[in-house]
Amino acid sequence: MARSTGTPHIRVPCPLPGCGWAEKHAERTQARPTDTEAATITAVCLHHGPYEATITPTTGAYLDLATLYRNLVKELALSSPRGTLRVMVKGGDWVFGSHLVDEALQAIGLTRAQLPARLFCPQIVTDTGAKLSKSLIREGRAPLPDGAADWMLDTRQWPGSLPEYAHQLLALTETLLADPRHFFRSYSAAEIGRMMAAPAPRSVPAA
Ligand SMILES: [Zn+2]
């Protein structure tokens, strides 16, 4: 789960009021199980020294986990033995990460049949092929790339009416779901813009 360093990123913030410091790379963080459903995390605050937190399924301190770990916890919580088919719906950029989650779930003792099914949705990418990161653009850490439009980040910026937006979105979804070749691939933001602007067949009145 942490192949580059071997140190998984588990963080608990310093509990002293107004501090909240947490180690980014977990160099001095230790986790040890205290019983089958609880763990004690110890860490060292640069300002206040050593501290610890006990985490159980229902109580305990805030536990900050890297994305891979959060997904491991989610999928483990969903691996019900009672015959319910659970489906994880993820973006296509998660395909590679899910291999690591699979390995971790199997290391815990789950068999392949117990792993939740996963549905990978089309990824929207920029003109360079990078993921269109809405959070990075909103935080001002990346520019709005060529072909992307304001309404892709904030639907209130859609230039037309709300019913028209809903209608176009539904038509786009039907196009993507119409054929596996349409679904299991990526789309540039510009192409999504073109598809949303295209007149949808069902928008033509029958009479
Ligand atoms: Zn502190």
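Atoms within a ligand are numbered from 1 in the order they appear, just like the ligands themselves. The first residue of the sequence shown is numbered 1, and numbering continues consecutively from there. Computed from a prediction, not measured in an experiment: that's the story for all the values here.
Sorted by first and then second residue, the salt bridge (charged side-chain N to carboxylate O under 4.0 Å, His left out) pairs involving residues 94-118 (not counting sequence neighbours) are Arg3-Glu103, Glu75-Arg118, Asp102-Arg118.
Counting only protein N, O or S atoms, the number found under 2.8 Å from the Zn ion (ligand 1) is 4.
Partners of Ala189 by side-chain contact (heavy atoms from CB on, under 4.5 Å), not counting sequence neighbours, listed by chain and number: Ile124, Leu132, Ala148, Met152. Residues meeting the side chain to side chain donor-acceptor pair (under 3.5 Å) test with Thr126, sequence neighbours left out: Thr128.
For the pair Trp21 and Val44, the tightest heavy-atom approach, listed with the atom from each and the gap, is CZ3-O, 2.7 Å.
Both Tyr69 and Ile108 are part of a single hydrophobic cluster, where members link through side-chain heavy atoms under 4.5 Å apart.
Checking side-chain atoms of Arg70 against main-chain N and O of Leu65 turns up a donor-acceptor pair under 3.5 Å.
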